[in-house]
Amino acid sequence: MTMALVLYYGSGSPYAWRVQLALEAKGLPCERRLLSFSAGDTRKPEFVALNPRHRVPTIVDGDFVLYEANAIVEYLDEAYPSHGIRLFPGDARRRATVRRIVSEVDDYTTEATDKVIDELLYAKPEARDEAKLGRARAAVAEEFAFLARYLEQDFLAGPLSAADFALYPQVAYMDRCHQRVPSFDAALLLPPALAAWKRRIESLPYLDATIPPHWRAA
Ligand SMILES: N[C@@H](CCC(=O)N[C@@H](CS)C(=O)NCC(=O)O)C(=O)O
């Protein structure tokens with residue numbers, strides 16, 4: 001039954017990455033279809049027919065199509081409660097805390113990391129504004145320090161949850177910036193507690209399988 005799941009994803013999409021992590025943590029068999037942004041795959045009629053907003057991630061589960069990463073992660077947890085871990089574990093308050101942290105990552109962390117990514121990965125090197133980059137970098141450091149305060153236990157909301165899977169791609173993106181622009185020292189952005197959390201996430205047996213394919217080659 002679960003083999004009917006199909007995931008459309010794009011290499012390096014932090015939103016798709018959340019869903020990949022969720023699928024792995026739940027041990028759900030899934031057919032993965034990699035779309036190429038540069039080839040315009042998300043705008044092709046057959047994909048727009050599934051997701052009129054032409055974005056990844058999008059899943060198909062039998063005759064049900066769903067897009068928007070957070071909705072997908074919640075759906076997988078509710079539709080397949082006995083598979084793998086609960087992505088929203090615990091009681092109503094714990095689950096609310098998971099959702100709160102996911103919202104924080106969407107609204108605050110992503111705003112900060114996007115500015116660094118824009119300067120380092122998308123602006124032409126000759127057009128790079130070092131002062132702007134410095135401010136963006138400081139905002140990410142401040143945000144990571146803020147989130148590190150949540151780490152009283154191993155993971156952001158206590159046990160491993162959807163909150164960790166929302167944040168990890170943003171943290172990994174800073175490493176990608178370092179890979180592309182070695183002078184950008186991503187490791188220095190992480191307070192010790194968040195660095196230890198990152199190592200815990202990276203030691204999950206399935207993490208490696210979710211790393212964006214084009215990041216390996218570069
Ligand atoms: N709010 C969406 C964001 C998804 C998103 O922005 N996806 C981008 C890649 S990171 C995309 O598919 N862009 C292709 C396009 O817009 O055609 C979600 O949470 O799923």
Side-chain angles (χ1 to χ4, degrees), residues 1-81 83-88 95 98-111 113-114 117 121-122 156-157 160-176 201-202 204 206-216:
M1 176 198 43
T2 49
M3 272 314 281
L5 269 173
V6 179
L7 168 69
Y8 292 86
Y9 72 110
S11 186
S13 163
Y15 303 100
W17 200 346
R18 289 179 192 195
V19 173
Q20 289 173 270
L21 288 165
L23 285 163
E24 295 286 347
K26 293 198 74 67
L28 287 168
C30 174
E31 185 193 326
R32 289 168 175 71
R33 295 191 189 156
L34 180 63
L35 299 189
S36 161
F37 298 119
S38 54
D41 287 349
T42 54
R43 308 270 174 162
K44 290 187 176 152
E46 58 271 31
F47 185 66
V48 175
L50 295 175
N51 181 348
R53 289 197 190 270
H54 53 79
R55 283 163 192 252
V56 291
T58 295
I59 64 158
V60 182
D61 187 7
D63 57 4
F64 181 55
V65 181
L66 186 63
Y67 45 90
E68 291 298 312
N70 295 336
I72 295 172
V73 171
E74 293 214 26
Y75 169 75
L76 293 174
D77 207 32
E78 289 191 9
Y80 301 99
H83 282 69
I85 67 162
R86 291 311 302 259
L87 301 167
F88 294 83
R95 296 200 302 276
V98 173
R99 291 190 188 92
R100 191 203 77 210
I101 296 172
V102 171
S103 285
E104 291 180 78
V105 171
D106 284 341
D107 292 345
Y108 315 129
T109 316
T110 303
E111 188 188 356
T113 51
D114 273 357
I117 293 165
L121 302 187
Y122 298 126
L156 288 169
L160 183 64
S161 75
D164 303 289
F165 294 160
L167 179 61
Y168 180 74
Q170 299 299 330
V171 171
Y173 241 103
M174 297 298 97
D175 283 348
R176 173 66 175 165
I201 299 288
E202 288 174 347
L204 294 169
Y206 46 79
L207 193 276
D208 201 53
T210 68
I211 292 177
H214 78 283
W215 289 14
R216 296 172 190 279

Audit row: Met174, Ile117, side-chain contact (heavy atoms from CB on, under 4.5 Å) steps and yes/no: CA-CA 8 Å; Met174 297 298 97; Ile117 293 165; 3.9 Å; yes
Distance, nearest 0.5 Å, that separates CZ of Phe165 from CG of Asn70: 13.5 Å
From Thr42 atom OG1 to Arg55 atom CZ, the distance as rounded to the nearest 0.5 Å: 8.5 Å
Glu111: partners by side-chain contact (heavy atoms from CB on, under 4.5 Å), with sequence neighbours left out: Lys115
Polar side-chain atom of Lys26 near backbone of Arg86 as donor-acceptor pair, under 3.5 Å: no
Trace of the side-chain hydrogen bond (donor to acceptor under 3.5 Å, both in side chains) decision for Glu202 with Tyr168: CA-CA 9 Å; Glu202 288 174 347; Tyr168 180 74; 2.5 Å; yes
Partner set under side-chain contact (heavy atoms from CB on, under 4.5 Å) for Val65, not counting sequence neighbours: Leu50, Thr58, Val60
side-chain hydrogen bond (donor to acceptor under 3.5 Å, both in side chains) against Ser103, all qualifying residues, sequence neighbours excluded: none
Which atom of Pro169 lies closest to which atom of Ala166, heavy atoms considered: CD-O, 3.6 Å
Set of residues satisfying side-chain hydrogen bond (donor to acceptor under 3.5 Å, both in side chains) with respect to Tyr9, sequence neighbours excluded: none
Rounded distance (nearest 0.5 Å) linking atom CG of Leu87 with atom CZ of Arg95: 12.5 Å
Side chains of Ile101 and Leu167 in contact at under 4.5 Å (non-hydrogen atoms): no
Arg216 and Asp208: CA distance, side-chain angles, deciding distance, side-chain contact (heavy atoms from CB on, under 4.5 Å) verdict: CA-CA 10 Å; Arg216 296 172 190 279; Asp208 201 53; 3.9 Å; yes
Ring pair (Phe, Tyr, Trp, His ring centres under 6.0 Å) contacts in which one or both residues fall within residues 20-53, not counting sequence neighbours: Tyr8-Phe47
Minimal non-hydrogen separation, Val98 against Ala162, with atom names: CG1-CB, 3.9 Å
For the student: nearest non-hydrogen atoms of Ser36 and Asp41, plus distance: N-OD2, 2.7 Å
Partners meeting ring pair (Phe, Tyr, Trp, His ring centres under 6.0 Å) with Tyr173 (sequence neighbours left out): Trp215
Pair Leu23-Leu5, side-chain contact (heavy atoms from CB on, under 4.5 Å): steps then yes or no: CA-CA 10 Å; Leu23 285 163; Leu5 269 173; 4.0 Å; yes
Spacing of CG belonging to Leu156 relative to CG belonging to Asp164, to within rounding of 0.5 Å: 4.5 Å
Residues forming a side-chain contact (heavy atoms from CB on, under 4.5 Å) with Asp63, sequence neighbours excluded: none
Salt bridge (Lys or Arg N to Asp or Glu O under 4.0 Å) partners of residues 8-20, not counting sequence neighbours, each pair once: Arg18-Asp106
Criterion side-chain contact (heavy atoms from CB on, under 4.5 Å) on Leu204 and Leu160, from CA distance to verdict: CA-CA 10 Å; Leu204 294 169; Leu160 183 64; 4.1 Å; yes
Sidechain-backbone polar pair: Ser161 side chain, Phe88 backbone, donor-acceptor under 3.5 Å: no
Approximate separation, where rounding is to 0.5 Å, of Leu66 CG and Leu7 CG: 11.5 Å
Atom pair CG/CG of Asp61 and Leu76 - distance to nearest 0.5 Å: 7.5 Å
Partner residues of Phe64 under the ring pair (Phe, Tyr, Trp, His ring centres under 6.0 Å) criterion, sequence neighbours left out: Tyr75
Partners passing side-chain contact (heavy atoms from CB on, under 4.5 Å) against Ala49 (at least two apart in sequence or in another chain): none
OH (Tyr67) with more than 12 external heavy atoms under 6.0 Å: yes
Heavy-atom closest pair, residues Pro212 and Gly12: CB-N, 3.3 Å
Listed partners of Glu74 passing side-chain hydrogen bond (donor to acceptor under 3.5 Å, both in side chains), at least two apart: Arg99
Residues which pass side-chain hydrogen bond (donor to acceptor under 3.5 Å, both in side chains) with Glu78, listed by chain and number, not counting sequence neighbours: none
Donor-acceptor contact below 3.5 Å, side chain Arg33 vs main chain Glu31: no
Thr110 backbone acceptor or donor facing Thr113 side chain under 3.5 Å: yes
